[in-house]
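A quick write-up on the structure given underneath.
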2 protein chains.
Amino acid sequence: MSDMTTRFADIVGAHNLLIGDAIPDDYSHDEELTHPPQKPAYLAKPSSAEEVARLLETAAANKVPVTARGSGTGLSGAAIPRADGLLISFERMNKVLEVDTVNQVAVVQPGVTLTELDAATADCGLRYMVHPGELSSSVGGNVGTNAGGMNAVKYGIARHNVVGLQAVLPTGEIIRTGGKIAKVSTGYDLTQLIVGSEGTLALATEVIVKLHPRLDHSATVLAPFADFDQVMAAVPIVVASGLGPYILEYIDNMTMAALVHTQNLELGIPDSVRDSCQAYLVVGLESRTADRLDEDVERAGELLAELGAADAYVLEGASARKLIEAREKAFWTAKAMGADDIIDTVVPRGAMPKFLAGARDLAGAAGGGAVGCGHAGDGNVHLAIFCKEPAARKKLMTDIFALAMELGGAISGEHGLGRAKTPYFLELEDPVNVDLMRRIKQSFDPAGILNPDVLFG
Amino acid sequence: MSDMTTRFADIVGAHNLLIGDAIPDDYSHDEELTHPPQKPAYLAKPSSAEEVARLLETAAANKVPVTARGSGTGLSGAAIPRADGLLISFERMNKVLEVDTVNQVAVVQPGVTLTELDAATADCGLRYMVHPGELSSSVGGNVGTNAGGMNAVKYGIARHNVVGLQAVLPTGEIIRTGGKIAKVSTGYDLTQLIVGSEGTLALATEVIVKLHPRLDHSATVLAPFADFDQVMAAVPIVVASGLGPYILEYIDNMTMAALVHTQNLELGIPDSVRDSCQAYLVVGLESRTADRLDEDVERAGELLAELGAADAYVLEGASARKLIEAREKAFWTAKAMGADDIIDTVVPRGAMPKFLAGARDLAGAAGGGAVGCGHAGDGNVHLAIFCKEPAARKKLMTDIFALAMELGGAISGEHGLGRAKTPYFLELEDPVNVDLMRRIKQSFDPAGILNPDVLFG
């Protein structure tokens with residue numbers, strides 16, 4: 001047993017520190033498609049902030065690289081450890097510490113999954129509204145990637161729903177940031193700096209998240225459009241309508257066909273409509289009262305017709321749920337279709353038509369394909385990239401990201417850069433910004449131990 | 001003419017660089033109550049990001065401290081210059097560059113005032129929803145302090161409404177952060193780090209702000225309560241009700257009396273009710289349709305009655321507007337009443353009763369007083385502090401801030417620390433956090449030229 005093994009085992013207890021073959025394969029990857037799995041030298045499962053602090057202090061003193069892992073559902077490889085590194089899994093720090101209905105927040109440990117948090121808040125009529133597709137994802141992972149998901153168009157992303165943290169710095173110091181408070185203007189916002197930092201600045205050991213009232217009445221309107229550009233033109237108008245949709249997604253016809261096939265969806269859309277339409281808009285509406293919901297659904301139907309929809313189908317109960325769940329599983333569908341990589345680029349809402357047309361042209365010219373769906377209300381485009389040859393694919397993806405940035409967008413809207421997108425970031429981002437971020441990184445992590453392959457490579 | 005004067009004048013033009021007695025008194029202060037005015041050595045009025053960059057580069061090379069100034073309406077002294085320093089006024093960078101209705105954002109220069117931005121967006125039915133009391137404040141100032149105001153309970157604070165920046169680093173480099181995008185997970189969120197940094201990290205030279213649909217129908221419900229604690233207990237219930245108020249304020253009876261008196265308010269409240277009530281709740285409601293507004297107003301009235309309100313007065317048109325304007329002028333009323341200082345502490349919503357009772361007890365024990373109003377929905381308490389003797393007042397304020405922090409709150413919810421609150425921050429904040437912030441500061445500003453008396457002193 002090596003010296004480091006003994007030290008880490010002393011901190012978390014021998015049965016919570018695994019090495020070598022004792023580490024299950026699961027810990028060697030997340031759900032990113034292209035990066036080879038990699039087992040860490042050490043896997044530690046701490047049970048408290050204090051243990052995390054001692055792990056980081058020990059790792060820093062010995063220059064052992066450290067990667068944090070929530071549920072391992074990330075899509076960009078931010079949880080893939082180093083071969084010589086320590087992987088810290090938060091699976092034992094999985095308690096909902098408090099559901100505070102007066103301040104409408106929950107205080108949770110990072111290993112809590114969204115399913116667990118949803119169950120813990122169901123009885124009090126409140127809900128954590130960040131819903132990335134995968135509900136087995138952890139709140140700590142949501143913090144790391146600044147997770148988004150379908151409800152972001154109304155409720156915002158993780159950044160807007162995380163109001164406070166307990167976090168451990170790579171120096172082993174434990175800090176608290178923010179709190180159960182709606183606003184603060186007292187020094188730099190460390191909470192917001194740590195959210196989305198993909199485990200490179202500090203590790204969250206407690207997260208305070210906002211809860212919103214669960215509205216009792218909801219419906220989903222599905223509108224097929226003959227023309228792709230009509231869908232895109234409709235989006236800002238639906239956003240500006242005041243209807244306040246909590247879901248506003250587009251799904252292209254190829255992806256819808258795949259979803260219908262792989263998820264056995266019954267949408268009640270005649271073949272003739274389906275065959276003649278290029279894309280679908282999915283509009284989720286919710287309300288405090290059934291009457292208002294009915295009114296809003298009717299108004300949405302009228303508005304979509306004015307905007308050129310071939311029809312508008314109101315899905316209720318099980319069929320609405322199935323469509324939303326199928327959309328949440330779009331990544332798995334893309335994987336099943338044999339996608340070679342995925343992107344989750346964000347552009348200004350109004351630039352989506354240009355971006356999508358450009359991305360398809362680039363993919364076509366590269367002899368590949370780019371199909372998908374996306375959080376249309378947020379300009380967040382999810383594309384499955386089909387292009388077998390690695391060098392051609394890398395060039396294609398670089399070109400697509402460059403196009404997004406030219407249009408005022410960014411490489412990732414919600415998955416984060418991880419190991420997968422960091423090379424593109426370093427190639428395309430303004431070096432002045434990268435250098436500034438590198439100095440910020442050093443101000444947190446002078447030893448450079450936290451996720452060293454992510455953001456800076 | 002000194003060497004520095006020549007260099008700065010070469011950058012902005014001789015008539016945009018003032019020194020000595022040519023600098024008007026206005027530039028020696030903001031609206032903070034306690035700090036003595038201080039004229040800068042140089043006042044520069046740049047017209048572009050490039051000029052700001054050259055000013056900062058020159059200042060850094062010569063270790064000249066730099067303070068930024070928007071409209072000078074700040075309440076914590078963040079715009080008070082150094083005697084040996086350069087004050088950069090953004091008054092000439094006051095253009096609304098773009099109102100983008102498709103992406104629902106405006107791109108503005110930092111010197112644009114809220115009144116100007118409101119006028120520029122009125123025709124398109126959209127609106128920037130950050131409304132600190134003073135509408136002559138500038139968007140750049142909003143960025144610096146992370147401004148809040150009454151609408152934050154529904155629309156969030158500056159942090160939630162600023163989605164992108166062009167900013168000049170104190171090294172003279174110009175960066176762009178964020179964009180016309182709703183979400184991003186591509187490296188550290190530099191936008192959010194600069195928002196609320198009070199001119200200590202970088203100077204914003206262009207700001208992209210979110211716009212929201214202007215809803216056509218609004219009403220204000222004013223509810224007097226016999227008992228202060230009832231008001232506080234009502235707040236989380238109104239927030240959780242799903243009514244979605246865009247204003248949720250409390251006003252204590254002393255402050256209401258002063259507002260009525262100084263602003264000539266006619267609220268139609270009988271003397272008997274007024275005399276027997278300790279505080280008021282102001283609930284602003286808005287809706288897409290007149291019918292829904294009527295329903296919501298009725299439901300709010302019922303709810304407030306259930307929660308113990310003595311009555312509920314629906315204010316319409318001019319009288320509603322006058323009450324809101326009077327509340328916005330609460331600072332001026334406090335000043336007119338002879339307040340010795342003001343605080344804008346934030347605490348968890350549910351901790352307001354305990355905090356306010358504690359603050360009043362502390363003020364009483366110090367032979368002074370603490371009265372006020374606040375953004376109840378946000379737990380953001382504005383108190384006018386009456387305590388003449390400086391040492392006693394400093395101790396009282398330290399004790400009040402310590403109490404807020406004990407309850408999970410922070411020193412400032414929206415005014416920022418400025419010169420006024422920095423000493424309290426340095427005394428009370430966890431030194432690990434302060435040291436981390438200091439290192440972040442150094443990563444932006446190695447020469448330490450930007451607002452050196454703010455945050456770190």
Side-chain angles (χ1 to χ4, degrees), chain A residues 100 102-104 145-146 148 152 157 159-160 169 173 175-176 179-190 192-193 196-197 213 215 236 239-240 242 288 292 346-350 378-380 408-417 425 429-430 432-433 436-437 439-440 442-444 455, chain B residues 100 102-104 145-146 148 152 157 159-160 169 173 175-176 179-190 192-193 196-197 213 215 236 239-240 242 288 292 346-350 378-380 408-417 425 429-430 432-433 436-437 439-440 442-444 455:
Chain A
D100 176 341
V102 174
N103 295 304
Q104 291 189 199
T145 59
N146 185 21
I157 52 180
R159 181 173 301 296
H160 304 127
L169 302 181
E173 293 162 306
I175 63 172
R176 285 199 174 267
K180 294 176 172 183
I181 45 181
K183 57 176 20 171
V184 58
S185 192
T186 305
Y188 306 144
D189 195 328
L190 300 175
Q192 295 306 324
L193 190 51
S197 67
L215 299 183
V239 171
R288 214 158 42 79
R292 288 192 182 187
V346 63
V347 295
R349 220 183 280 141
D378 298 329
N380 191 189
I411 292 173
S412 171
E414 56 184 21
H415 294 171
L417 298 172
F425 173 70
E429 181 64 54
D430 179 353
V432 175
N433 277 11
L436 179 58
M437 290 185 196
R439 295 197 300 273
I440 293 169
Q442 280 159 357
S443 72
F444 277 78
L455 300 199
Chain B
D100 175 342
V102 175
N103 295 304
Q104 292 190 197
T145 60
N146 185 20
I157 52 181
R159 180 174 303 296
H160 304 129
L169 302 181
E173 293 161 307
I175 63 172
R176 285 200 175 266
K180 293 176 170 183
I181 43 181
K183 56 174 23 167
V184 57
S185 192
T186 305
Y188 305 143
D189 195 328
L190 299 174
Q192 295 306 323
L193 190 51
S197 66
L215 299 183
V239 171
R288 213 158 43 80
R292 289 192 182 188
V346 62
V347 294
R349 218 182 279 140
D378 298 329
N380 191 190
I411 291 173
S412 171
E414 57 185 20
H415 294 171
L417 297 171
F425 173 68
E429 181 64 54
D430 179 350
V432 174
N433 277 11
L436 178 58
M437 290 184 196
R439 294 196 300 273
I440 294 170
Q442 281 159 357
S443 71
F444 278 77
L455 299 198

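So you know, we letter chains A, B, ... as the sequences are listed, proteins then strands, and number each from 1.
Top candidate by heavy-atom pairs under 4.5 Å with chain A, chosen from Asn433(B), Asp430(B), Val347(B), Thr145(B), is Asn433(B). Ranked by heavy-atom pairs under 4.5 Å with chain B, the first of Asn146(A), Ile181(A), Val239(A) is Ile181(A). For the set Gly148(A), Ser185(A), Pro236(A), Ser443(A), the entry with the most heavy-atom pairs within less than 4.5 Å of chain B is Ser185(A). Of the listed residues Gly416(B), Gly350(B), Pro348(B), Gly379(B), the one with more heavy-atom pairs under 4.5 angstrom with chain A than any other is Pro348(B). Contact tally against chain B (heavy-atom pairs below 4.5 Å) for Asn380(A), Ile157(A), Leu169(A): the top residue is Asn380(A). Counting heavy-atom pairs under 4.5 Å between each of Ala152(A), Gly179(A), Gly409(A), Ala240(A) and chain B puts Ala240(A) at the top. By number of non-hydrogen pairs under 4.5 angstrom with chain A, the leading residue of His415(B), Glu414(B), Arg176(B), His160(B) is Glu414(B).
Proximity to chain B (any heavy atom under 4.5 Å) is shown, for Ile440(A), by both the backbone and the side chain. For chain A, the nearby parts of Tyr188(B) are the backbone and the side chain; heavy atoms of each come within less than 4.5 Å. In this structure, the portion of Leu455(B) lying under 4.5 Å from any heavy atom of chain A is its side chain and not its backbone.
When every heavy atom of Ala410(B) is checked against every heavy atom of Val184(A), the shortest pair comes out as CB-CG2, 3.6 Å. Minimum heavy-atom separation, Asp189(B) to Arg159(A): OD2-NE, 3.0 Å.
Between Lys183(B) and Val346(A) there is a side-chain heavy-atom pair separated by less than 4.5 Å. In this structure, Leu190(A) and Met437(B) have side chains that are in contact, with non-hydrogen atoms separated by less than 4.5 Å.
Judged by distance alone, with hydrogens and angles left aside, the side-chain atoms of Arg292(B) form a donor-acceptor pair with the main-chain N or O of Arg292(A) at under 3.5 Å. Formation of a donor-acceptor pair under 3.5 Å by the Ser412(B) side chain with backbone atoms of Thr186(A) is not found in this model.
Applying the side chain to side chain contact (heavy atoms under 4.5 Å, CB included) rule to Asp100(A) yields the partners Glu98(A), Val102(A), Asn103(A), Val105(A), Lys180(A); only residues at least two apart in sequence or on another chain are considered. Judged as a side chain to side chain contact (heavy atoms under 4.5 Å, CB included), and not counting sequence neighbours, the contacts of Ala182(B) are Asp378(A).
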